[in-house]
Amino acid sequence: MIKQFAEVIVDVPAMQTNQPYTYSIPTELINQVFPGMRVIVPFGNRKVLGFAINISEKEPDVSFALKDIEEVLDLTPVLNTELLQLANWLAQWTFSFKISCLQVMLPAAMRASYSKTIKLTSTEISPAVQKLFGDKNEIPFDTKTLTASAFKELSKLKRANQAEVLYQVRDRAKAKKVTAIQGCLSSDQLASARETLRANAAKSFQMLDYLTTLGLEQVTLKKAMQDSDLSAAQFTSAEKKGWLVKTKVEKYRDPYREAVIEQSQPKQLKPAQLTAVERINQAITDHQKSVFLLQGVTGSGKTEVYLQTIATALEKGQTALMLVPEISLTPQMVRRVKGRFGSRVAVLHSGLSEGEKYDEWRRIERHEAQVVVGARSAVFAPLEDIGIIIMDEEHETSYKQEDMPEYNARDVAIKRGEWHNCPVVLGSATPSLESRARAQKGVYEWLRLDERINGQPLPEVNLVDMRQALKTAPALDISAPLLSAIEQRLAQNEQVVLMLNRRGYSSFLMCRECGFVLKCPNCDISLTLHMDSRSMKCHYCGHEEAIPRTCPSCQSKKIRYYGTGTEKVEKELQELLPTAKILRMDVDTTRRKGAHAKILQQFGSKEANILLGTQMIAKGLDFPDVTLVGVLNADTSLSLPNFRSAERTFQLLTQVSGRAGRAEKTGEVLIQTFNPEHYAIQLAKNQNYEKFFGIEMNMRHRGGYPPYFFTTQIVVSGGSEAAVAKKIFGINGQLQKVLSPQAVILGPTPKPIMRINNQFYYQLVIKYKKEPKLEQFLEELLLSSQKDAARNLKVKIDRDPVDFV
DNA sequence: AGCACGCCGACT
DNA sequence: GTCGGCGTGCTC
């Protein structure tokens, strides 16, 4: 009799449980559990989800009795060897729990949902308890639905052994089922059925006609109703007569099914594109795990390079992974890829429902889709035999995940490229300094597209010096030159895109008498005004309150909002241009599913002539009639106390400038700024990335910042400020001993937003070139901090943070 | 993360 | 005297 044992990573995200637990596999499950499958296991006195990561037949040498695996949730592994190994690496690289890394690779629908019920085991119970149970003997048992006293009462019952608590673990993943019908009569039987009908039973005749054409084929009820023009009730009655059977069939939720997408053919390539395509194709053919930096100005045809190299991988029977920032995963973008590869494409992005994401994931897993286009988390798509990995807009900071595990999709993509021996293409008009520097050093292969495919010059960029212009400006946010430029375009029936740079900016309420600013009671930041819900909201904890009419501090009525919000600009603009049709696009107007696409579609069909929005309009939009792009406030992102602020500003301005004049019409860009001499703004005006790169590298060198130095951030948080401060200063002291004199520690300091949801945050940043002992120290730090976790003191380590203010 | 075990204060 | 507070430690 063979015995099997499984090593399982349990769904308990804590340092103490960050290790495999061994379970025995009961006889009825032998040869049914494989590494990469989800299982349900007893853990302590409850049940949890876990991932089997290893199966062995050797009895482990332990002094206690092993528990049995309770249930296997999958028929085939949901994570293959590659992804299991990747999870291991990810856990180490990001200092995260293994379980978090395994979970992040799967659609949310495949996580477990936990619930508890309490069941009576005795009949001698008090009337109070009887009332809670009603006529049932098992009811839900959790602190959220029960009142505190009821919970207490039931706990007492449990302690007295008059009731037992049952733990449920459920798989949230559910395939969508739809009703299908299938004829079950032969043509002879159909003919005889026809004879039993009354002559005036028109619908029944129609039903039999339809069933005759259908034969024994199975179709969805929805389609049958469309094809036959018969109602659902008529199909139900046909079922009763025994003419057909109804079944439930599994169906994919395809969010793009409705849209008819025109097929597109590969386009003729410009010489530079051709060189790039040939070079990448070569790497695909030779199974080279090289990384390419594809640096191409806006409109230079990077996408066509992506599409043609993906085609090469597909021709070789391989698959392709294409990552794009969430914000540019627009219907326009999806249409381009689907247009080339049709139903072989799976799309993964945050606009999909949990079920839709699960379905797309299954299409990939079952090899029904060979091309995956998606945002950050799509980097874990269960593709096999990947031939090429593409990351568009590689400089985008949204590729870094903000919560555990804090991975950067760029690192993961390169790691997967190594496993599959395939090229990784990083594309951008404004590469991150890190990638551009690596291209310089020859770590990445550098491919350049310097010309726009339509041979058009880049749009003319002009600056408006707001220090002067503000004196005569028609509105607070719109200068005279910008206004007249807008008027001119509108008169020519052309379109205008206006961008409000809201990075590090919000509209808050301030009293003009006493300077009082309305702040969040839980967090150390001012509340933001939301006109749509007529309330003040905290962007960090979600706290919401009414807009005060008088100052809470001095009772003055002169309390009003400051700052520039899209709503305010929209109002100003509408007053200046009463006939203009303005579409506003920001977090408020795009929150609803599909709203983003709808606004773009409205603008594309010229229902409006001005599109006013935040950063989200800077990327990937391609409207031929847009001839003017205005940036209302270039500086807000520049003034952030952040070493990347110049880079971000340059990237944003370059990108939004690319929105102007993409077809035959020449475009113009107007940038309003208070810092017209700043190099980031000057060089964005001249669209000179290379010069910007040179200057900015110099700045980074002098400041000792990436890419010259590595950085790692340590954040300690907790409810007691004293404890948090003590901990971070303790860590600082230990670090001083471990680090070489070449390393620099910034801080410790309170984070700029020191308090969020009544938790205090302190941080320190280590800048270093080579610290062989650091890695081990950080791992030990996490282990030694596990006791603090119970006392609500958390230590978080972030390798290569995107920014630290 | 839960949950039990265990040792100290304020109540029927 | 007990109930229940939350500090400590364990979960195959």
Side-chain angles (χ1 to χ4, degrees), chain A residues 3-26 29-30 33 35 37-72 91 96-104 111-118 126 128 140-170 403-405 717-720 723 727 759 782-796:
Chain A
K3 284 198 134 196
Q4 284 187 334
F5 303 91
E7 284 182 54
V8 175
I9 301 288
V10 292
D11 181 15
V12 181
M15 210 60 215
Q16 291 113 309
T17 52
N18 191 31
Q19 43 148 358
Y21 287 84
T22 312
Y23 287 85
S24 52
I25 297 176
L29 289 179
I30 279 185
V33 192
M37 283 185 180
R38 295 172 304 151
V39 292
I40 292 170
V41 290
F43 193 67
N45 38 20
R46 62 211 165 111
K47 284 189 270 177
V48 295
L49 180 104
F51 285 84
I53 53 160
N54 213 351
I55 308 295
S56 80
E57 300 195 345
K58 210 174 84 222
E59 180 108 39
D61 181 26
V62 288
S63 55
F64 50 87
L66 296 177
K67 289 185 182 173
D68 273 359
I69 283 187
E70 188 145 317
E71 198 183 325
V72 188
S96 309
F97 307 126
K98 291 189 175 77
I99 186 68
S100 313
C101 295
L102 293 164
Q103 305 246 51
V104 80
R111 285 178 206 168
S113 74
Y114 297 100
S115 59
K116 279 190 296 185
T117 55
I118 187 160
S126 67
F141 183 58
D142 68 284
T143 35
K144 285 191 190 73
T145 53
L146 292 168
T147 62
S149 63
F151 188 80
K152 228 174 225 172
E153 195 68 36
L154 292 172
S155 304
K156 205 187 282 174
L157 215 61
K158 184 186 127 203
R159 250 175 284 128
N161 276 327
Q162 292 188 302
E164 60 177 335
V165 176
L166 301 168
Y167 297 82
Q168 279 92 27
V169 186
R170 270 197 328 258
D403 36 52
M404 273 260 261
S717 63
S720 144
K727 179 80 187 174
Q759 295 296 108
L782 279 185
L783 273 171
S784 65
S785 303
Q786 58 179 268
K787 279 199 186 69
D788 301 321
R791 286 187 281 123
N792 186 22
L793 195 61
K794 294 192 195 81
V795 178
K796 198 186 80 173

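Note on naming: letters A, B, ... go to the chains in the order of the sequence lines (proteins, then strands), and numbering restarts at 1 for each one.
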Which of residues 61-70 of chain A have a heavy atom under 4.0 Å from DNA chain C?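 Under 4.0 Å from DNA chain C: A:Phe64, A:Leu66, A:Lys67.
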[X] [atom1] to [N] [atom2]: how many Å, rounded?
{"X": "A:Leu793", "N": "C:dT8", "atom1": "CG", "atom2": "P", "result": "14 Å"}
{"X": "A:Ile99", "N": "B:dG2", "atom1": "CD1", "atom2": "P", "result": "13 Å"}
{"X": "A:Tyr167", "N": "B:dA1", "atom1": "OH", "atom2": "C1'", "result": "12 Å"}
{"X": "A:Lys58", "N": "C:dC12", "atom1": "NZ", "atom2": "C1'", "result": "16 Å"}
{"X": "A:Ile9", "N": "C:dT11", "atom1": "CD1", "atom2": "C1'", "result": "14 Å"}
{"X": "A:Gln16", "N": "B:dG2", "atom1": "CD", "atom2": "C1'", "result": "12 Å"}
{"X": "A:Asp11", "N": "C:dC12", "atom1": "CG", "atom2": "C1'", "result": "16 Å"}
{"X": "A:Phe141", "N": "B:dG2", "atom1": "CZ", "atom2": "C1'", "result": "12 Å"}

Straight-line distance of [X] [atom1] to [Y] [atom2], nearest 0.5 Å:
{"X": "A:Arg38", "Y": "A:Ile9", "atom1": "CZ", "atom2": "CD1", "answer": "16.0 Å"}
{"X": "A:Leu49", "Y": "A:Glu71", "atom1": "CG", "atom2": "CD", "answer": "10.0 Å"}
{"X": "A:Tyr23", "Y": "A:Ile40", "atom1": "OH", "atom2": "CD1", "answer": "12.0 Å"}

Closest approach to the side chain of A:Lys116, judged atom by atom: which nucleotide of B:dA1, C:dC12, B:dC3 is it?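 For the A:Lys116 side chain, the nearest candidate turns out to be B:dC3.
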Looking across every strand, which nucleic acid part, if any, lies under 4.0 Å from A:Tyr23 by heavy atom: base, sugar-phosphate, or nothing?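 If one applies the 4.0 Å heavy-atom cut-off, A:Tyr23 turns out to touch the sugar-phosphate alone, with no base involved.
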Would you classify A:Pro42 as touching base, sugar-phosphate or nothing, given that sugar-phosphate means primed atoms plus P, OP1 and OP2, and contacts are heavy atoms under 4.0 Å?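 A:Pro42: backbone/sugar contact only, no base atoms under 4.0 Å.
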Main chain of A:Val48, side chain of A:Tyr167: is a donor-acceptor contact present, judged purely on distance under 3.5 Å?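 It does not hold such a pair.
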Flag, side chain of A:Lys796 to backbone of A:Asp403, donor-acceptor distance under 3.5 Å: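 No, because the side chain of A:Lys796 does not come within donor-acceptor range (under 3.5 Å) of the backbone of A:Asp403.
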side-chain hydrogen bond (donor to acceptor under 3.5 Å, both in side chains) involving A:Asn45 - partner list, sequence neighbours excluded: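 For A:Asn45 there are no side-chain hydrogen bond (donor to acceptor under 3.5 Å, both in side chains) partners, ignoring immediate neighbours.
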Please enumerate all residues that pass side-chain hydrogen bond (donor to acceptor under 3.5 Å, both in side chains) together with A:Ser717, with sequence neighbours excluded.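 A:Ser717: no side-chain hydrogen bond (donor to acceptor under 3.5 Å, both in side chains) contacts found.
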Between residues 45-53 of chain A and DNA chain B, which residues have a heavy-atom gap below 4.0 Å?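 Result for residues 45-53 of chain A: A:Asn45, A:Arg46, sorted by number.
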With a cut-off of 3.5 Å and sequence neighbours excluded, list every side-chain donor-acceptor pair involving residues 51-63 of chain A.
none

Ring centres within less than 5.5 Å and planes less than 30° apart: is that true of A:Phe43 and C:dT11 in this structure?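 Stacking is present between C:dT11 and A:Phe43, given that their ring centres fall under 5.5 Å apart and the planes under 30°.
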Determine all donor-acceptor pairs shorter than 3.5 Å in which one atom belongs to a side chain in residues 14-21 of chain A; sequence neighbours excluded.
unit_1, atom_1, unit_2, atom_2, d
A:Thr17, OG1, A:Val12, O, 2.7
A:Thr17, OG1, A:Ala14, O, 3.2
A:Asn18, OD1, A:Lys98, N, 2.8
A:Gln19, NE2, A:Tyr21, OH, 3.0

